[in-house]
There are 2 protein chains.
Amino acid sequence: MAQAPEPTTSEEDFSLLKLENQLCFPLYAASRQLTKAYQPYLRELDPDLTYPQYLVLLLLWEHQEMTVKELGENLLLDSGTLTPLLKRMEQKQWVSRRRDPRDERSVIIGLLPAGEVLQKPACSIPKGLLAHLEISTKELATLRRLLDHVIKKLT
Amino acid sequence: MAQAPEPTTSEEDFSLLKLENQLCFPLYAASRQLTKAYQPYLRELDPDLTYPQYLVLLLLWEHQEMTVKELGENLLLDSGTLTPLLKRMEQKQWVSRRRDPRDERSVIIGLLPAGEVLQKPACSIPKGLLAHLEISTKELATLRRLLDHVIKKLT
DNA sequence: ATAAATTTAATTTTACACAATTAAACATTA
DNA sequence: TAATGTTTAATTGTGTAAAATTAAATTTAT
């Protein structure tokens with residue numbers, strides 16, 4: 001008797017720890033792969049343009065100028081990430097950086113002509129990428145809705 | 001005449017360039033937010049444990065040992081990322097690194113006792129995180145399916 | 001107005017992430 | 001087996017990412 005392989009009465013559920021059962025991993029991997037897929041398109045605009053820099057441009061194309069804080073709120077990035085990134089964009093003459101005269105603590109990032117002219121050639125990027133994904137409009141909307149939900153719950 | 005505001009006959013479609021209309025940004029933001037949400041849980045296991053290191057442990061808890069190449073294939077990370085990460089994990093005595101005697105080019109990463117004992121306390125992490133998300137099982141499955149599709153198309 | 005608390009951007013530190021290159025080891029083929 | 005080509009991990013260089021700290025400016029309360 002008692003030769004049964006002892007099922008460890010309080011057996012831990014390790015199955016939730018398998019990579020395939022995680023949500024975070026596919027999110028993490030899909031994000032990196034999609035960012036990587038952007039690269040050749042961004043390189044065409046400028047060999048130095050990175051994806052996070054492109055996100056800054058997307059915002060500035062809409063608003064012309066924003067504070068570092070506003071950029072961070074929109075992109076969910078902090079100044080420790082944005083400051084060096086914006087300094088590189090300043091060197092490329094894509095943006096200007098200056099203190100807000102009404103509040104010397106804030107730095108206003110402004111869109112410069114060299115950054116502005118990148119907008120038109122960037123127009124073809126979204127369509128090009130969507131073609132890679134081979135995803136229906138409906139599923140795309142579902143995906144975006146679910147991702148927005150995740151962001152909302154975690155922010 | 002010709003005082004009309006010249007509607008630029010070939011008006012570019014800038015609306016696709018708005019941040020809110022992008023797929024990549026929510027993916028990018030959701031990934032970072034979810035990784036950030038993992039932090040307090042991982043800190044409880046060990047203050048030095050990072051999310052990518054946790055992913056390596058998830059694989060080693062399943063397979064005990066894998067080559068760097070196999071880890072990279074599973075995580076979609078290259079050796080330039082994994083090598084320094086694995087060296088840090090080696091210093092923590094979580095994993096061992098040794099050449100494959102049958103193929104001296106390959107480095108085999110093995111799970112050490114100090115890495116193994118982290119598995120049991122890690123079991124509660126997935127449930128804790130899912131609670132944050134407030135997402136139904138069905139929607140979670142949909143999200144994972146769509147993310148897997150994205151990964152598949154881009155890899 | 002002045003001290004204290006708060007806000008904000010910058011700085012510092014650590015850790016990914018990946019393209020490009022290098023170098024070593026292995027495999028193939030003549 | 002010797003030359004060639006391939007595979008693989010490591011290295012190098014650049015660019016995020018984010019927590020923690022610092023410092024300056026502003027606001028608030030006295």
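Order of the sequence lines fixes the chain letters, A, B, ..., with proteins taken first and strands second; residue numbering starts at 1 for each chain. Scope of the values below: all heavy atoms of this structure, side chains included, with no hydrogens, waters or symmetry mates. Since this is a predicted model, take the numbers as computed values, not measurements.
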- Message: I'd like to know if B:R99 pairs up with B:E104 as an ion pair, taking the criterion as any Lys NZ or Arg NE/NH1/NH2 lying under 4.0 Å from an Asp or Glu carboxylate oxygen.
- Response: no
- For atom CG of B:D100 and atom C1' of D:dT8, their distance in whole Å: 12 Å
- Do any N or O atoms from the side chain of B:T81 and from the backbone of B:L77 form a donor-acceptor pair under 3.5 angstrom? no
- Pairing residues for A:F25 by the ring-ring contact (aromatic ring centres under 6.0 Å, His included) criterion, not counting sequence neighbours: none
- Message: Categorize B:R97 for me: base, sugar-phosphate, or nothing, with a 4.0 angstrom heavy-atom threshold over every strand shown.
- Response: sugar-phosphate
Check nucleotides 12-16 of chain D against the protein and report each pair of N or O atoms closer than 3.5 Å, with its distance, or say if there are none.
from	atom 1	to	atom 2	distance (Å)
D:dT16	OP1	A:T50	OG1	2.4
D:dT16	OP2	A:Q53	NE2	2.5
D:dT16	OP2	A:R88	NE	3.0
D:dT16	OP2	A:R88	NH2	3.4
D:dT16	O5'	A:R88	NH2	3.2

- Which part of the nucleic acid, if any, lies within reach of B:L82 when heavy atoms closer than 4.0 Å are counted: base, sugar-phosphate only, or nothing? nothing
- Message: Return whichever of A:K69 or B:D103 has its heavy-atom-nearest nucleotide of DNA chain C closer to the 5' end.
- Response: A:K69
- Any sub-3.5 Å donor-acceptor pair from A:H63's side-chain atoms to A:L59's backbone N or O? yes
- Message: Just the rounded figure in Å: distance from P of D:dA19 to OH of B:Y38.
- Response: 17 Å
- Task: Give a yes or no on whether the backbone of A:G115 and the side-chain of A:W61 come within a donor-acceptor separation of less than 3.5 Å.
- Result: yes
- Item | d(CZ, B:R105; P, D:dT6) in whole Å | 13 Å
- Query: With a 4.0 Å cut-off, would you call B:R98 and B:E65 a salt bridge?
  - Reply: yes
- Query: With nearest nucleotides of DNA chain C determined for A:S106 and B:R102 from heavy-atom distances, which residue corresponds to the more 5′ nucleotide?
  - Reply: A:S106
- Message: Do B:V150 and A:Q33 have side chains that approach each other closer than 4.5 Å (heavy atoms only, starting at C-beta)?
- Response: no
- Leading and trailing nucleotides of DNA chain C with any atom under 4.0 Å from heavy atoms of chain A: C:dT7 to C:dA20
- Note on the structure: For A:L147 and A:L27, the nearest pair of non-hydrogen atoms, with its separation, is CD2-CD1, 3.5 Å
- Query: B:I109 CD1 to D:dT8 C1': how many Å, rounded?
  - Reply: 13 Å
- Item | Salt bridge present between B:E139 and B:R144 (N-O < 4.0 angstrom) | no
- In whole angstrom, what separates B:E104's CD from D:dA10's C1'? 15 Å
